[in-house]
Undergrad: 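One structure, pasted below without further comment.
Remember, it's a predicted structure, so these values are computed and weren't measured experimentally.
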Amino acid sequence: MRLALILSVLALLSSAQAQGGPEPGRLTVSPAAIVPLFGMADAYAVGTGVRVGRSFGSDARRVRWAVGLEGAWFDDVPPRFGSPSGAGLSVGATLDARIRVRSGEAPAHASVGIGAFHERAGDHAPYAVVPEVHLRSGIVVPAGRVHFVPEVSLQVVLSDLLSGGEFQPSVRLPVSVGVRF
């Protein structure tokens, strides 16, 4: 089901690109494996997710802005006392300042960003929207008409719903390989 969703998004975006969609090199679709850290690791297994992002500004600029939409799914592990029950879902929107760290054939970047996320554990979703902060780093690898963008992130969602403990944020490590159109 999750793989079908990711493939559907990729097909839709590639067809929009073929019909004169967004400027080349700006739209990125990134499937990810999301590793829960700290208390969240006690409550959830490694999750899957997808991020669709759009960057703004010339590739020659040292600092660029990017916006994104993200979704992540986590399967719960056998419940423990005080841990959430039910599969975890996290969806949100992000804003990044992306800094080019290295130029060349495979330019590297780092970014810092903020977001607004909605999380739920099973049928339980007590908060409408909670803040999120993240750090990302990656490189851009040209491959013909598209570019591959491997990235690793540190993401902190300021909600204790998926963290496995009271007053603890949800901390996770998304590892992705995106395709930039």
Side-chain angles (χ1 to χ4, degrees), residues 2-3 5-18 20-38 40-41 46-74 90-119 129-159 169-181:
R2 294 177 195 159
L3 182 58
L5 176 66
I6 291 169
L7 292 175
S8 298
V9 169
L10 286 171
L12 178 67
L13 291 172
S14 64
S15 97
Q17 179 68 27
E23 297 173 20
R26 304 298 167 103
L27 187 68
T28 305
V29 178
S30 303
I34 304 171
V35 181
L37 301 175
F38 307 114
M40 191 176 176
V46 172
T48 56
V50 66
R51 181 168 35 92
V52 177
R54 172 110 163 95
S55 57
F56 300 93
S58 165
D59 287 337
R61 293 184 64 178
R62 183 153 176 85
V63 178
R64 298 173 51 194
W65 292 99
V67 295
L69 297 174
E70 299 185 19
W73 302 268
F74 300 94
S90 180
V91 294
T94 60
L95 173 66
D96 289 35
R98 180 166 292 161
I99 302 148
R100 184 173 34 91
V101 195
R102 186 186 75 210
S103 307
E105 288 188 29
H109 64 270
S111 64
V112 60
I114 58 172
F117 276 67
H118 172 75
E119 294 191 325
V129 176
V130 292
E132 174 266 358
V133 293
H134 60 268
L135 300 171
R136 287 193 180 102
S137 66
I139 61 173
V140 178
V141 181
R145 291 180 33 165
V146 299
H147 297 81
F148 291 101
V149 186
E151 287 183 321
V152 63
S153 306
L154 178 63
Q155 187 176 44
V156 179
V157 178
L158 302 176
S159 163
S170 300
V171 182
R172 47 199 174 228
L173 188 74
V175 178
S176 64
V177 177
V179 178
R180 181 184 280 176
F181 299 93

Undergrad: Do Ser153 and Arg51 have side-chain atoms, one donor and one acceptor, less than 3.5 Å apart?
TA: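 Ser153 vs Arg51: no donor-acceptor pair found between side chains.
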Undergrad: Apply the test salt bridge (Lys or Arg N to Asp or Glu O under 4.0 Å) to residues Glu70 and Arg172: give CA-CA distance (whole Å), side-chain angles for both, the deciding distance (0.1 Å), then the verdict.
TA: CA-CA 13 Å; Glu70 299 185 19; Arg172 47 199 174 228; over 6 Å; no
Undergrad: Does the side chain of Val177 come within less than 4.5 Å of Pro31's, by heavy atoms?
TA: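 No, too far: nothing below the 4.5 Å cut-off.
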Undergrad: Drop me the distance from Ile34's CD1 to Thr48's OG1, to the nearest 0.5 angstrom.
TA: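 The OG1 atom of Thr48 is 7.0 Å from CD1 of Ile34, to the nearest 0.5 Å.
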Undergrad: What pairs with His118 under side-chain contact (heavy atoms from CB on, under 4.5 Å), at least two apart in sequence or on another chain?
TA: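 His118 satisfies side-chain contact (heavy atoms from CB on, under 4.5 Å) with Val91, Arg120, Ala125 only.
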Undergrad: Determine the minimum heavy-atom distance between Val146 and Phe181, stating which atoms define it.
TA: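 Where Val146 meets Phe181 most closely, the heavy atoms are CG1-CD2, 4.3 Å.
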Undergrad: For His134, enumerate each residue passing the side chain to side chain donor-acceptor pair (under 3.5 Å) test, keeping only those at least two apart in sequence or located in another chain.
TA: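 Partners of His134 under the side chain to side chain donor-acceptor pair (under 3.5 Å) test: Asp96, Glu132, Arg136.
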Undergrad: Calculate, to the nearest 0.5 Å, the distance between atoms CD and CG belonging to Glu119 and Leu158 respectively.
TA: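 Between Glu119 CD and Leu158 CG, I get 9.5 Å after rounding to 0.5 Å.
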Undergrad: How far apart are the closest heavy atoms of Pro142 and His147, and which atoms are they?
TA: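 That closest heavy-atom pairing would be CA-CD2, 3.3 Å.
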Undergrad: Between His109 and Arg64, does the side chain to side chain contact (heavy atoms under 4.5 Å, CB included) criterion hold? Intermediate values first, please.
TA: CA-CA 10 Å; His109 64 270; Arg64 298 173 51 194; over 6 Å; no
Undergrad: Minimum heavy-atom separation for Thr28 and Ser30, please, with both atom names.
TA: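 Residues Thr28 and Ser30, closest heavy atoms: CG2-OG, 3.5 Å.
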Undergrad: Of the non-hydrogen atoms in Leu69 and Ala93, which two are nearest, and what is the gap between them?
TA: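 What the structure gives for the nearest pair is CD2-CB, 3.9 Å.
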Undergrad: Assess whether atom CG of Leu154 is packed by more than 12 heavy atoms of other residues, nucleotides or ligands within 6.0 Å.
TA: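 It does: Leu154 CG has more than 12 such atoms within range.
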Undergrad: Once you round to the nearest 0.5 Å, how far does OG of Ser176 lie from CD of Glu151?
TA: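 So the OG of Ser176 and the CD of Glu151 are separated by 5.0 Å.
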Undergrad: Where is the tightest heavy-atom contact between Val130 and Ser159, given as atom of each residue plus distance?
TA: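 So the minimum-distance heavy-atom pair works out to CG2-CB, 3.8 Å.
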Undergrad: Output the distance between atom OG1 (Thr94) and atom CZ (Phe117), rounded to the nearest 0.5 Å.
TA: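 It comes to 6.0 Å.
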Undergrad: Shortest non-hydrogen contact from Ala33 to Val46?
TA: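 Taking every non-hydrogen atom into account, CB-CG1, 4.4 Å.
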Undergrad: Can you tell me how far OG of Ser111 sits from CZ of Arg100, rounded to the nearest 0.5 angstrom?
TA: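 With rounding to 0.5 Å, CZ (Arg100) is 14.5 Å from OG (Ser111).
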